Amino acid sequence: MLDKRLIRDNPEAIRRAIETRGYTMDVDQIIALDKELLENLQAADKLKHERNVKSEEIGNRKRAGKSTKELHEHLKKISLEIKTLEAKDKNLSEKLNELLLLLPNIPHESVPVGNGPEDNVVVRIHGEIPEQFFDIAPHWEIGERIGVLDLEAGRKISGRGFIVFRKEGALLCRALVNLMLDTHREKGYEEVLIPYMVNRDAMIGTGQLPKLSDDMYLCEVDDLFLIPTSEVPITNIHRDTFIALEDLPLKHTAFSPCFRREAGSYGADTRGLLRVHQFDKVEIVKIVHPDTSYEELESLVLDASAILDALELPYRVVELCTADLGFAAAKCYDLEVYAPGIKKWLEVSSCSNFEAFQARRANIKLKKTPGEKHRFAHTLNGSGLALPRIIAAIFEFHQTPTGRVKIPKRLVPYMHGVEYLG
RNA sequence: GGAGAGGUGGCCGAGUUGGCUUAAGGCAGCCGCCUGCUAAGCGGUUGUGGGGGUAAAACUUCACCGGGGGUUCGAAUCCCCCCCUCUCCGCCA
């Protein structure tokens, strides 16, 4: 959510920001509503003031034993007027709030302006992509051949987009999660274990609702959503709180499964592990002081990419352009790992700075010292990392000419000594 | 699912015969004094959000005691509905 005052004072900047994101939203309607609401509010405030003053007078007169009759009648009329104005206020506020919740964040000034993924900027590439001497099978082929991946079972049990890992494949998932959590913990992230179902307030807090409700699984009888990312529960730990400056930055890491309906993406990447409805992910979240959030974003990217280094996978850091930016993000870097079998860069992490966008929705404030105004914290998060695509990359990039998969050194202890799959 | 208790400011916690209670008291925070030893004492100060006002303040005003309705000139206090938390019982892991 954006600051209402920013919209009021800077409508042109908001219009431009929305446009560069490729959104169409009626900013004028918001501004008009806001203005009407304000005028209504002022009228109501005036009457309420009168009511307060005169009601007090009634109290005084009563104690003094004087008549209050004509005041009663006058105030009754005023109260009625107030009721009318309040009804109008409620109506307008609801409308305005609905619109405000649908307004995306404003891109940071450093974000490249663009029209789509093609305008994203590759910031840097780590590692080398060697010349291929042999045909590398796509990950689903090798996974099923060596018996660690059972896509057919997943389809049978739940449907397309659900995966069964078997044997060392299942072990690999567990190993990856442990490696990731341990690595982040060493860097000062507090490990947390969070609910996988959350309520509406939590979803609104981090920006998934109301806009993206179709992308999520809803358990209707309880009105609970399956989390699309652990960002939601983690960030919402701090919803409606004041954070002391000396406690900043707050850093959390958590493992969780993530559930995504991904409506509207039919047809794209339907094979293998690339686009699934349920996947495991380790997330890192930071809640920081507004003055340092962009430095914190850079270090968050490093923390996430440390995992890719550990897994000996080549990757690139991509800065998203305005049109490709997520709804709540002000700036975002994607980490993309190279999968030579399908010859694609796979997004395995999105590292975003949301500035105060989520904090304003979730009411996460910093404790102030007397005299100064409250400020909202800045929130950041990134995957560190998402498993299926990482596994796809491992299967393909660490594939040997004999069709086996070499386990990266750092992972071997977590694999109970298993050095090769297959 | 059944029975009971309760939801008040950053935290704890008073206040329910309706009217100087935005809300005592404590803690914490801040400022100052005192004190010479990681502490204590004393005095002052500090809720949140919005509007108006100002260069910024000062100032002024409205709202807020889980949420939503209602009664009333006036509600933290009375009435109705909903939500949540806790305790006990049941059921399940």
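What you see is a predicted model; the values in this text were computed from it and never measured. Naming convention: chains lettered A, B, ... in sequence-line order (proteins, then strands); numbering from 1 in each chain. Side chains are part of it too, since the values below use all heavy atoms of this structure and drop only hydrogens, waters and symmetry mates.
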List for me each residue that meets side chain to side chain contact (heavy atoms under 4.5 Å, CB included) alongside S350(A), sequence neighbours excluded, and say none if there are none. C332(A), D334(A), E347(A)
Nearest nucleotide by nearest heavy atom, which residue falls closer to the 5' end of RNA chain B, N52(A) or L75(A)? N52(A)
Is the ring centre of Y189(A) less than 6.0 Å from the ring centre of H184(A)? yes
For RNA chain B, determine which residues of residues 78-85 of chain A have any heavy atom closer than 4.0 angstrom to one of its atoms, and list them numerically. S79(A), K83(A)
Annotated protein contacts, base or backbone, on nucleotides 75-83 of chain B with a non-hydrogen cut-off under 4.0 Å, one of B, S, - each: ---------
Show me the donor-acceptor pairs, under 3.5 Å and distance only, between side chains in residues 166-173 of chain A and residues at least two apart or in other chains.
from, atom 1, to, atom 2, distance (Å)
R166(A), NH1, D150(A), OD2, 2.8

Residue pairs passing the salt bridge (Lys or Arg N to Asp or Glu O under 4.0 Å) test where at least one lies in residues 282-303 of chain A, sequence neighbours excluded: K187(A)-D303(A), K281(A)-E283(A), K286(A)-E296(A), D291(A)-R375(A)
CA sep, side-chain torsions, deciding dist, call: S93(A), D89(A), side chain to side chain donor-acceptor pair (under 3.5 Å): CA-CA 6 Å; S93(A) 312; D89(A) 177 280; 3.3 Å; yes
Mind checking K48(A) for me? I need base, sugar-phosphate or nothing, with any heavy atom below 4.0 Å counting as a touch. sugar-phosphate
Using a 4.0 Å heavy-atom cut-off to protein, can you give one letter per nucleotide of nucleotides 49-60 of chain B, 5' to 3': B if the base is in contact, S if only the sugar-phosphate is, - if neither? SBSS--------
By the 4.0 Å heavy-atom rule, please label K90(A) as base, sugar-phosphate, or nothing. sugar-phosphate
Contacts of S110(A) meeting side chain to side chain contact (heavy atoms under 4.5 Å, CB included) (sequence neighbours excluded), chain-then-number -> H108(A), E319(A), K331(A)
Going by the rule side chain to side chain contact (heavy atoms under 4.5 Å, CB included), which residues pair with A244(A) if we only count those two or more places apart in sequence or in a different chain? E246(A), D247(A), K367(A)
Contact list for residues 191-211 of chain A, test side chain to side chain donor-acceptor pair (under 3.5 Å), sequence neighbours left out: R200(A)-D223(A), T206(A)-Q208(A)
For K88(A), give me all partners under side chain to side chain contact (heavy atoms under 4.5 Å, CB included), at least two apart in sequence or on another chain. E36(A), N40(A), L92(A)
Counterpart base for G53(B), defined by Watson-Crick or G-U wobble contacts under 3.5 Å: none
Side chain to side chain donor-acceptor pair (under 3.5 Å) contacts in which one or both residues fall within residues 248-257 of chain A, not counting sequence neighbours: E190(A)-H252(A), H238(A)-H252(A)
Using salt bridge (Lys or Arg N to Asp or Glu O under 4.0 Å) as the criterion, list what pairs up with D9(A), not counting sequence neighbours. none
For G43(B), what is the paired nucleotide under Watson-Crick or G-U wobble rules, both distances under 3.5 Å? C31(B)
